[in-house]
Amino acid sequence: MTSPTEPTTVHIKTSSDITIVADHWPGDGPAIVMAHGGGQTRHSWGRTAGVLAAAGHRLLSIDLRGHGNSSWSTSGDYLINSFRDDAMSVIDWLDEPVAWVGASLGGSTGLAAVDAAPQRFWALVLVDITPAPAQAGIDRIMTFMVETAATGFADLDEAADAVAAYQPHRTRPKNSSGLAKNLQQGEDGRWRWHWDPAFVTSDRSMTAQKTKNLTRTEAARRLRLPTMLVRGQLSDLVTEAEARAFLELVPHAVYVDVKDASHMIAGDENDAFTSAVVEFFRELA
């Protein structure tokens, strides 16, 4: 069966009463879940989701809790185990084993979920994330998110200018309307990122929790399913040192280093990223 070009929007209720909103493409091929990074939405994958769906995969691209159209946690619960539990509810909804493609936060979520129930997954793709990412990269990302979360932007052009300053390697688009999918306009007329500020400020956020790199390292060491690490060559979150350390933990993993891409690989070099992921799944098939 050929998957439709346009997905349907679905709402998945989790065990903690969070509603996960996702784009769903039906297909006869093995199921794939795509989970974006922190501060992003399900629209952050560019054309990758559509290409995988067109190849026949059943595909679900989700908004993580507190992001996009999914529920915000009323208690400010943004701990990794809560994201993991949401992931298991998503797989319950699909009712079949999945390949998990996760960028940054979405990748950490996938690693935690695979460690909890490896039999429910047939592959794992980590997009610019390892169990112990470089602290300098984490600090730079968090500074940008915290500084822009509350005040927002007067218009989309101002937001585009801020993104361009944060990502100087990427050419600023002449048309900033594409940012509208990742921003929402408040009653005061200002545009703010489409995620809950408590994601970075809550006492129950991952930033408030002590880093559990050892736990994540052991989870990686236990990986036995087909695994791929995709790194942006310009990334300051996953440096070459972090990539080498991961490959020592998971020697069977496929490793792809995407030229001219930083942490947000799918946005920087979408064609190269898409080709790598499609080829990985094709080889498994």
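Counting begins at 1 with the first residue of the sequence.
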Quiz item: Looking at side-chain heavy atoms only, is the closest gap between Asn182 and Ser44 below 4.5 Å?
Solution: yes
Quiz item: Less than 6.0 Å separating the ring centroids of His36 and Trp195?
Solution: no
Quiz item: Should the ring pair Phe273 and Trp45 be called parallel, tilted or perpendicular, given that the plane angle runs from 0 to 90° and is split at 30 and 60?
Solution: parallel
Quiz item: Which of parallel (below 30°), tilted (30 to 60°) and perpendicular (above 60°) describes Trp122 and Phe281?
Solution: tilted
Exercise. Return yes if a side-chain donor-acceptor contact under 3.5 Å exists between Ser82 and Arg204, otherwise no.
Key: no
Exercise. Of all the heavy-atom pairs spanning Ser16 and Arg65, show the shortest one and how long it is.
Key: OG-NH2, 2.9 Å
Practice problem: Decide yes or no for Leu249 and Arg221: does some side-chain heavy atom of the first lie under 4.5 Å from some side-chain heavy atom of the second? | Solution: yes
Quiz item: Looking only at atom types and distance, does a side-chain atom of Glu242 sit under 3.5 Å from a main-chain N or O of Thr239, one as donor and one as acceptor?
Solution: yes
Quiz item: Can you check whether Gly38's main-chain N or O pairs, donor with acceptor, with Ser104's side chain at less than 3.5 Å?
Solution: no
Quiz item: In terms of side-chain heavy atoms, does Ser61 have a donor or acceptor partner in Asp23 at a distance below 3.5 Å?
Solution: no
Practice problem: Kindly assign one of parallel, tilted or perpendicular to the pair Phe83 and Tyr78, based on the angle between their ring planes and the thresholds 30° and 60°. | Solution: tilted
Quiz item: So, the side chain of Arg172 versus the backbone of Ala164: is there a donor-acceptor pair under 3.5 Å, distance only?
Solution: no
Quiz item: Asp128 and Ser235: which non-hydrogen atoms are nearest, and at how many Å?
Solution: OD2-OG, 2.6 Å
Self-check item: Which atom of Arg47 lies closest to which atom of Asp271, heavy atoms considered
Solution: NH1-OD1, 3.2 Å
